[in-house]
Amino acid sequence: MKKTLFALPPAILMALPCIVSPASAAQPVHAVDVKSFDVGGVKTGMSVEQARAAMQKNFGVSADKIEASKSATYQVATKITGSPQVMYLVYENNGTRMQVSFEPRVPYDKSNPMAAALISYEIPWTSDNAASMKDAALAKYGPVSAPDTNPIWCEKPLPGTGMGCEQGTAELKVASTKLTLIDPAWQNARIKFMDQQNATKPQF
């Protein structure tokens, strides 16, 4: 065996420890309180009114500059709450776009029926804008959760892989000139509720 090892090229001999011990190649990761983050003052879990007010303040615009899209009668939000609800708030100006997407609260809260679940913010693409977006995100949100290709912050990073966040957990990521903050807990609660409502037993 020793003769075989000594016959190997030096580069392969140097790589053997990594081959023998894969754990040594594990990437450092750390969890971040993503749910405390905001994008333009908007946090996940905010009501429609809170999100609209935050967007107005961030962009220095009046309420009529924030476009609202309501749910249709056949959509889940209307079925859960019993009336049409704001599903999206959108602000657009010269290529800059911010959208807040909402989910119905489960259990239903008549005084506060919708919760911000996904927030995206995008500016026009240029190489300088992409670099500025990355720098601004790192400055605001601090050290990333994993050394991924793009900056990413995870409520629960995948352990040891450096390959992103556990499925179904809150995350914030930057890709080029777009920043996205999502908390899947709101969508998961809605899906679970609807599954329970539609549960039935076969009768045949």
Side-chain angles (χ1 to χ4, degrees), residues 18 21-59 66 87-91 96-107 109 112 114-193:
C18 296
S21 179
S24 64
Q27 297 292 326
V29 298
H30 74 279
V32 178
D33 184 15
V34 178
K35 293 183 180 181
S36 69
F37 288 172
D38 74 88
V39 178
V42 182
K43 295 183 177 183
T44 58
M46 276 188 169
S47 67
V48 173
E49 292 74 19
Q50 289 172 326
R52 183 186 283 113
M55 293 171 74
Q56 288 181 242
K57 181 178 180 180
N58 183 69
F59 295 109
I66 312 295
M87 296 292 292
Y88 307 100
L89 290 177
V90 178
Y91 171 76
T96 291
R97 188 177 196 275
M98 180 171 176
Q99 176 173 315
V100 183
S101 303
F102 297 87
E103 288 281 352
R105 292 182 189 274
V106 177
D109 182 346
N112 188 9
M114 303 295 287
L118 187 152
I119 306 157
S120 65
Y121 172 72
E122 188 170 10
I123 59 177
W125 189 91
T126 69
S127 57
D128 287 344
N129 284 354
S132 295
M133 178 71 85
K134 180 178 179 179
D135 292 343
L138 291 171
K140 178 169 183 172
Y141 304 113
V144 297
S145 289
D148 207 337
T149 304
N150 295 311
I152 188 167
W153 294 261
C154 305
E155 178 186 24
K156 294 183 180 179
L158 289 169
T161 67
M163 296 299 289
C165 314
E166 288 187 17
Q167 186 175 2
T169 62
E171 67 175 49
L172 181 142
K173 61 183 177 182
V174 174
S176 187
T177 55
K178 185 175 184 178
L179 184 150
T180 305
L181 172 62
I182 182 171
D183 180 5
W186 300 101
Q187 182 187 58
N188 294 340
R190 183 257 297 166
I191 291 172
K192 183 178 179 180
F193 174 80

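To the nearest 0.5 Å, atoms CD (Q187) and CG (L118) are separated by 9.0 Å. The OH atom of Y91 sits 15.0 Å away from atom CZ of R52, with the distance rounded to the nearest 0.5 Å. Atoms OH and CG, on Y141 and L179 in that order, are 5.0 Å from each other to the nearest 0.5 Å. Rounded to the nearest 0.5 Å, atoms CD (E155) and CD1 (I182) are 11.5 Å apart. Atoms CH2 and CG, from W153 and D33 in turn, are 14.5 Å apart once rounded to the nearest 0.5 Å. Interatomic distance, NZ of K43 versus CG of D183, reported as 13.0 Å (0.5 Å rounding).
Applying the salt bridge (Lys or Arg N to Asp or Glu O under 4.0 Å) criterion to E122, with sequence neighbours excluded, gives no partner residue. Taking N112 as the reference, S47, R105, D109 meet the side chain to side chain contact (heavy atoms under 4.5 Å, CB included) condition, with sequence neighbours excluded. Residues passing the side chain to side chain contact (heavy atoms under 4.5 Å, CB included) test with T96 are F59, Y121, I123, P124, sequence neighbours excluded. A search for side chain to side chain contact (heavy atoms under 4.5 Å, CB included) contacts involving A130 returns W125, S176, T177, not counting sequence neighbours. Shown here are the side chain to side chain contact (heavy atoms under 4.5 Å, CB included) partners of D128, two or more places apart in sequence or in another chain: T126.
No side-chain heavy atom of V106 sits under 4.5 Å from any side-chain heavy atom of K192. No side-chain heavy atom of V29 sits less than 4.5 Å from a side-chain heavy atom of L158.
No donor-acceptor pair under 3.5 Å is formed between the side chain of N58 and the backbone N or O of A54. Using modelled atom types, no side-chain atom of T44 and backbone atom of A117 make a donor-acceptor pair closer than 3.5 Å. With hydrogens and angles ignored, the 3.5 Å screen pairs a side-chain donor or acceptor of H30 with a backbone N or O of V144.
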List, one per line, each side-chain donor-acceptor pair under 3.5 Å for residues 164-175, sequence neighbours excluded.
residue : atom : partner : partner atom : Å
T169    : OG1  : E166    : O            : 2.6

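Between M55 and V100, the shortest heavy-atom contact is SD-CG2, 3.8 Å. Closest approach of G45 and W186 over heavy atoms only: CA-CZ2, 3.5 Å. Nearest approach of K134 to P151, heavy atoms of both residues: CG-CG, 3.7 Å. Residue S145 comes nearest to C154 through the heavy atom pair OG-N, 2.7 Å, listed as atom of the first residue, atom of the second, then distance.
More than 12 heavy atoms of other shown residues, nucleotides or ligands fall within 6.0 angstrom of atom NZ in K140.
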